[in-house]
Structures are given as structure tokens and as C-alpha cells.
> 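Submitted below is the structure of interest, expressed as C-alpha cells.
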Amino acid sequence: MPGLSPKLPLRRDFEDGFMLTKNFLELASQNLKNVVLTSPGERVMDPEFGVGIRRFLFRNDISSVKGEIRGRIKTQVRKYLPYLDIISVDISNLDTNSVMHVKISYKITPLSMGDTLVINVS
């Protein structure tokens, strides 16, 4: 079966050469994760791409920082993933291991399918 894109991180696969994403739900999740984890300036030729979630890791855990993260995620998704509709963004407090838990619920508008992406940032 042909794939839609390579799975990230790249891994070898005897069937396709490299592992491939083969459905739109998995592709949307991979694209959203890429937008959230990429820092602005990191992507060549598009310095505005990315949320840069790691830069928020050691800031004070107050509601304004959480609001800034939510706003940044929604703005980036509107610009780079217009086929997604963000339903909610939940950010948990930092725990003793300095890990931020980000839970993004979204809907793939053209397909009327929803999913949740959980990212643990350390």
C-alpha cells in the first residue's frame, strides 16, 4: 500500500524502504506534533513556523503562560494546518521531573474525524 508521507523519525522498513504513514489521522497527528515541537527559526525558509513548546518549559507555571501557549498553538494551526480545528488544549503543571504535559484535542474538518495528541515535553 502506498503511503502519504514518511513516518518521523525515519526508520527502515523492509516493505516500503522507510516506514510510511498510511492514513490521514496518523498524518494529521504527525503534522501537528511537528508544528508544536519545532522552534521558530528552526525551519529553513520559514522562520515563523513552529510553536517552540520547549521554550516555555522553565517559565513560571501561571495561567498567562498557559494562555500564551494555547494562543500560539491555535495561531500556528490556523496558519499551517488549516484543515484542523483545535477543540481544546490542556497543559498540566510541571511535575518533579520537569515535564510539561500538553494534550491537544482536534478535529480533521474535511473528514469529520477527531483525535487527541499528547506530548510530554522535557
Side-chain angles (χ1 to χ4, degrees):
M1 174 181 187
L4 299 169
S5 77
K7 257 187 198 181
L8 298 176
L10 291 175
R11 290 178 298 229
R12 299 289 284 160
D13 179 27
F14 293 109
E15 182 180 336
D16 298 315
F18 287 98
M19 295 184 81
L20 302 173
T21 55
K22 297 188 178 183
N23 65 61
F24 288 107
L25 196 58
E26 186 179 7
L27 181 62
S29 177
Q30 178 174 292
N31 289 343
L32 180 57
K33 186 174 182 181
N34 190 18
V35 166
V36 172
L37 292 177
T38 301
S39 293
E42 186 176 356
R43 186 171 188 178
V44 177
M45 302 297 287
D46 193 352
E48 295 178 3
F49 180 86
V51 172
I53 195 77
R54 285 186 182 92
R55 68 184 173 169
F56 295 100
L57 187 59
F58 294 106
R59 292 182 54 188
N60 291 332
D61 188 23
I62 54 176
S63 61
S64 65
V65 173
K66 289 181 180 182
E68 187 178 346
I69 293 169
R70 283 186 193 95
R72 184 85 181 144
I73 289 171
K74 289 179 181 181
T75 301
Q76 289 289 299
V77 167
R78 264 193 309 272
K79 183 174 183 179
Y80 293 103
L81 306 173
Y83 55 89
L84 293 184
D85 182 28
I86 299 295
I87 297 166
S88 68
V89 178
D90 298 318
I91 303 157
S92 72
N93 297 337
L94 298 176
D95 63 19
T96 56
N97 297 326
S98 297
V99 177
M100 181 184 346
H101 306 282
V102 181
K103 181 179 173 184
I104 305 169
S105 298
Y106 61 93
K107 179 181 171 187
I108 304 171
T109 308
L111 301 177
S112 297
M113 298 172 64
D115 199 10
T116 301
L117 174 66
V118 178
I119 300 174
N120 297 317
V121 183
S122 58

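Residues: numbered from 1 along the sequence shown.
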> Rounded to the nearest 0.5 Å, how far does OG of Ser92 lie from NZ of Lys103?
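Lys103 NZ to Ser92 OG: 10.5 Å, rounded to 0.5 Å.
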> Applying salt bridge (Lys or Arg N to Asp or Glu O under 4.0 Å) as the test, list every pair that has at least one member in residues 33-44; sequence neighbours left out.
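Every candidate salt bridge (Lys or Arg N to Asp or Glu O under 4.0 Å) pair involving residues 33-44 fails, so no pair, neighbours aside, qualifies.
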> State which residues pass side-chain hydrogen bond (donor to acceptor under 3.5 Å, both in side chains) with Asp85; sequence neighbours excluded, sorted by chain then number.
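Asp85 satisfies side-chain hydrogen bond (donor to acceptor under 3.5 Å, both in side chains) with no residue once adjacent residues are dropped.
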> What distance do Leu8 atom CG and Asn34 atom CG have between them, rounded to the nearest 0.5 Å?
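Going from the CG atom of Leu8 to the CG atom of Asn34 covers 6.5 Å.
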> Can you tell if the side chain of Val51 reaches within under 4.5 Å of the side chain of Val35, non-hydrogen atoms only?
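Yes, their side chains come closer than 4.5 Å.
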> Can you list everything that forms a side-chain hydrogen bond (donor to acceptor under 3.5 Å, both in side chains) with Ser39? Sequence neighbours excluded, please.
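side-chain hydrogen bond (donor to acceptor under 3.5 Å, both in side chains) list for Ser39, sorted by chain: empty.
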> Check the surroundings of atom OH in Tyr83: do more than 12 heavy atoms from other residues, nucleotides or ligands lie under 6.0 Å from it?
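Yes, enclosed.
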> Could you give the distance from CD1 (Ile119) to CD1 (Ile53), rounded to the nearest 0.5 Å?
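Reported value, rounded in 0.5 Å steps: 7.5 Å.
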> If hydrophobic clusters are built by linking Ile, Leu, Val, Met, Phe, Trp and Tyr wherever their side-chain heavy atoms come under 4.5 Å apart, do Leu37 and Val118 end up in the same one?
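Looking at the clustering, Val118 is in a separate group from Leu37.
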> What pair of heavy atoms forms the shortest contact from Leu57 to Val121, and how long is it?
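Scanning both residues, the minimum pair turns out to be CD1-O, 3.6 Å.
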> Looking at Gln30 and Thr21, what are the two nearest heavy atoms and their distance?
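What the structure gives for the nearest pair is OE1-CG2, 3.5 Å.
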> Tell me the closest heavy-atom pair linking Gly50 and Pro40, and the distance in Å.
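For Gly50 and Pro40, the tightest heavy-atom pair comes out as O-CG, 3.5 Å.
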> Please tell me whether Ile87 and Ile69 are part of a single hydrophobic cluster in this structure, the criterion being side-chain heavy atoms less than 4.5 Å apart.
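Result: no, two separate clusters.
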> Could you measure the distance from the OH atom of Tyr106 to the CG atom of Leu25? Nearest 0.5 Å is fine.
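These two atoms lie 5.0 Å from each other.
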> If I take atom CG from residue Leu84 and atom NZ from residue Lys74, how far apart are they, to the nearest 0.5 angstrom?
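Here the interatomic distance stands at 13.5 Å.
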> Would you say Phe56 and Ile91 make side-chain contact, with heavy atoms under 4.5 Å?
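Counting from C-beta outward, Phe56 and Ile91 never come under 4.5 Å.
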> List for me each residue that meets salt bridge (charged side-chain N to carboxylate O under 4.0 Å, His left out) alongside Glu26, sequence neighbours excluded, and say none if there are none.
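If we apply the salt bridge (charged side-chain N to carboxylate O under 4.0 Å, His left out) test to Glu26, skipping adjacent residues, the hits are Lys7.
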> Say you draw a straight line from CZ of Arg54 to OG of Ser122; how long is it, rounded to the nearest 0.5 Å?
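Here the rounded value is 7.5 Å.
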> Please report, to 0.1 Å, the donor-acceptor pairs under 3.5 Å made by any side chain of residues 110-117, with sequence neighbours excluded.
residue: Thr116; atom: OG1; partner: Ser105; partner atom: OG; Å: 3.4

> Under 4.5 Å between side-chain heavy atoms, hopping through other hydrophobics if needed: is there a path connecting Ile104 to Phe24?
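In one cluster: yes.
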> If the condition is salt bridge (charged side-chain N to carboxylate O under 4.0 Å, His left out), which residues does Lys79 pass it with, not counting sequence neighbours?
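Partners of Lys79 by the salt bridge (charged side-chain N to carboxylate O under 4.0 Å, His left out) criterion, ordered by chain and then number, come out as Glu48.
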